[in-house]
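Owing to the predicted nature of the structure, the values given are computational and were not obtained by experimental measurement.
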Amino acid sequence: MSERMREHLIGALKQALAEPGEHRLFRSGKLSGLFASRSGASGDAAAEAVRDGLFEVVRTETKGKFQIEWVRSTPKAVEYLHQHESPITVLRELQAELKTARAGAPIWLEGLNRQWSELAANLHEQMQQALRRLDALAGRVEEALRRLDGVPTLPQGVAQSVPWATQAITYLDHRREGGVANGCPLPELFGAVRLQHPALSLTDFQDGLRRLNDHKALRLTRFDGPAERLPEPEYALLEGADVLYYATR
């Protein structure tokens, strides 16, 4: 996949995950869609995303000579963002910083020859700032690598009582590291966990979520809209007057 196609795809995945539900695959006039055009890099990225299972087509509308595909993101979309977006953002920033430092070296040397005494103090301060930026970027790279290799630590006893807890928390971490900041809807999390635990029932899933929430391994948050607008209400949990429908880390 070309860099241009990957940019189109990552933008579409983030939009779909930030706004759960069905989306037009392509924009049409003033109507929104995940990809700008059926042709070029945007169209190629859309075709590959559907072919690779990052989006699933839920329905198709026919208007005259045109067909409008409506799609929904799958759990594979979160994993794709985690693998291609989270570490690469840090590494791109590091690459840009290294290029800037390399391009600036001749300028520093020329100025040093012209005004040595005056430039010495300024050079010291500039180098200190550059070192601070490089140290900060090095820390972010180290943290990104640690997260890629790491497994979430669970409170004692939780792994035995909730055998799918590691998969659920890892999915939430990957979702956040992929740039999706909003809470994960419980139907989406259930679908992701069931990929590795196909026998998991909805009742056991909800009981396990309560235990994870009690142990602060994750946090359940409420649905603030009207009850009649709640999609797939069977996944919701009641906590007093609150309807819990999202999970976050």
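- The side-chain heavy atoms of E48 and L9, taken from C-beta on, include no pair separated by under 4.5 Å.
- Of the possible polar contacts, none joining the R72 side chain to the V58 backbone as a donor-acceptor pair under 3.5 Å is found.
- Between V50 and E69, the closest side-chain pair of non-hydrogen atoms is not below 4.5 Å.
- Inspection of the H23 and Q15 side chains reveals no N or O donor paired with an N or O acceptor under 3.5 Å.
- Two rings, from Y245 and Y235, have their centers 6.0 Å or more apart.
- Side chain of R211 to main chain of S161: a donor-acceptor pair is present (N/O by atom type, distance under 3.5 Å, no hydrogens or angles).
- A side-chain donor-acceptor contact under 3.5 Å links N213 to the backbone of L220.
- Remark: the backbone N or O of G183 is not paired with any side-chain donor or acceptor of R176 at under 3.5 angstrom.
- Considering all non-hydrogen atoms of both residues, A77 and L54 come closest at CB-O, 3.8 Å.
- Between the side chain of S42 and the backbone N or O of F35, no donor-acceptor pair lies under 3.5 Å.
- The closest donor-acceptor contact from the side chain of T74 to the backbone of F55 lies at 3.5 Å or more, if one exists at all.
- Aromatic ring orientation, Y246 versus F223: parallel (interplanar angle below 30°, classes split at 30° and 60°).
- Remark: the backbone N or O of L237 is not paired with any side-chain donor or acceptor of R210 at under 3.5 angstrom.
- The shortest side-chain heavy-atom distance between E97 and L134 falls under the 4.5 Å cut-off.
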